[in-house]
Amino acid sequence: MPIKINYAKCCWQDGKCTSCCCGSACVGCVEACPVEAISREDVVKIDLTKCIECGACISACKHQALSTE
Ligand code: SF4
Ligand code: SF4
């Protein structure tokens, strides 16, 4: 199933981290993805043409913003 982003839970908004837990960007989904399918732009974006649905980003996200549901 495709990965979905709950933007209300994601701390990356308007091009910056809003959780203040780790400086300018949380370490999570982008770093966890083995195929570089995720990018932080104005909001987090997932390139579903690259995604292999491994679930690594779901495990890495501290804000439970990613899911397959
Ligand atoms: S499920 Fe895996 S491949 Fe797809 S975006 Fe998440 S980490 Fe990347
Ligand atoms: S790890 Fe979670 S909270 Fe952080 S940018 Fe990715 S989806 Fe958003």
Side-chain angles (χ1 to χ4, degrees):
M1 277 191 286
I3 304 295
K4 291 184 179 171
I5 303 174
N6 182 332
Y7 286 107
K9 289 184 176 179
C10 178
C11 65
W12 187 262
Q13 296 181 17
D14 295 328
K16 60 183 186 296
C17 177
T18 58
S19 81
C20 298
C21 61
C22 14
S24 59
C26 68
V27 176
C29 58
V30 172
E31 293 75 10
C33 181
V35 295
E36 299 184 354
I38 310 179
S39 58
R40 292 186 183 99
E41 301 173 26
D42 279 355
V43 293
V44 170
K45 293 187 177 167
I46 298 177
D47 184 343
L48 295 178
T49 66
K50 290 184 180 175
C51 177
I52 57 173
E53 300 186 14
C54 70
C57 56
I58 296 174
S59 302
C61 179
K62 289 173 286 191
H63 298 273
Q64 291 82 46
L66 301 170
S67 69
T68 54
E69 298 172 358

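Counting starts at 1 for both ligands and their atoms, following the listed order.
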Item to check | Step-by-step side-chain contact (heavy atoms from CB on, under 4.5 Å) determination, I3 to T68 | outcome: CA-CA 5 Å; I3 304 295; T68 54; 3.8 Å; yes

With a cut-off of 4.0 Å, which atoms of ligand 2 are near a heavy atom of [X]?
{"X": "C10", "value": "3 (S), 5 (S), 7 (S), 8 (Fe)"}
{"X": "H63", "value": "3 (S)"}
{"X": "V44", "value": "5 (S)"}
{"X": "C61", "value": "1 (S), 2 (Fe), 3 (S), 7 (S)"}
{"X": "C29", "value": "1 (S), 5 (S), 6 (Fe), 7 (S)"}

What protein heavy atom sits nearest [atom], and how far away is it?
{"atom": "atom 6 (Fe) of ligand 1", "result": "C57 SG, 2.3 Å"}
{"atom": "atom 1 (S) of ligand 1", "result": "G55 N, 3.2 Å"}
{"atom": "atom 2 (Fe) of ligand 1", "result": "C54 SG, 2.3 Å"}
{"atom": "atom 8 (Fe) of ligand 1", "result": "C33 SG, 2.3 Å"}

Rounded to the nearest 0.5 Å, how far apart are [atom1] of [X] and [atom2] of [Y]?
{"X": "L48", "Y": "K4", "atom1": "CG", "atom2": "NZ", "answer": "10.5 Å"}
{"X": "S39", "Y": "I46", "atom1": "OG", "atom2": "CD1", "answer": "9.0 Å"}
{"X": "Q13", "Y": "R40", "atom1": "CD", "atom2": "CZ", "answer": "13.0 Å"}
{"X": "C29", "Y": "K62", "atom1": "SG", "atom2": "NZ", "answer": "10.5 Å"}

Just heavy atoms, cut-off under 4.0 Å: does [X] contact ligand 1 by side chain, backbone, both, or neither?
{"X": "I38", "result": "side chain"}
{"X": "I52", "result": "both"}
{"X": "E53", "result": "backbone"}

Which atoms form the tightest heavy-atom contact between [X] and [Y], and what is the distance?
{"X": "E53", "Y": "P2", "result": "OE2-N, 3.7 Å"}
{"X": "C33", "Y": "A37", "result": "SG-N, 3.3 Å"}
{"X": "I38", "Y": "C57", "result": "CD1-CB, 3.6 Å"}
{"X": "Q64", "Y": "K9", "result": "O-CD, 3.2 Å"}

Should you measure from each heavy atom of [X], which atoms of ligand 1 turn up under 4.0 Å away?
{"X": "I3", "value": "1 (S)"}
{"X": "V35", "value": "3 (S)"}
{"X": "C51", "value": "1 (S), 3 (S), 4 (Fe), 5 (S)"}

Item to check | pair N6-L66: side-chain heavy atoms closer than 4.5 Å | outcome: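 Side-chain contact under 4.5 Å: no.
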
Checklist entry - Applying a strict 4.0 Å limit to heavy atoms, is Q64 in contact with ligand 2? => result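 No.
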
Next on the checklist: Tell me whether C11 reaches ligand 2 (any heavy atom closer than 4.0 angstrom to a ligand atom).
Outcome noted: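 True for this residue.
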
Next on the checklist: Please classify the R40 to ligand 2 contact at 4.0 Å (heavy-atom distances, strictly less than): side chain, backbone, both or neither.
Outcome noted: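 The answer is the side chain.
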
Next on the checklist: Please compare T18, I58, L66 and report which has the shortest non-hydrogen distance to atom 7 (S) of ligand 2.
Outcome noted: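 Heavy atom nearest to atom 7 (S) of ligand 2 belongs to L66.
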
Item to check | Any donor-acceptor N/O pair, W12 side chain to Y7 backbone, under 3.5 Å | outcome: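 No, because the side chain of W12 does not come within donor-acceptor range (under 3.5 Å) of the backbone of Y7.
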
Checklist entry - When you look at CD of E41, are more than 12 heavy atoms from neighbouring residues, nucleotides or ligands closer to it than 6.0 Å? => result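 Correct, the count exceeds 12.
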
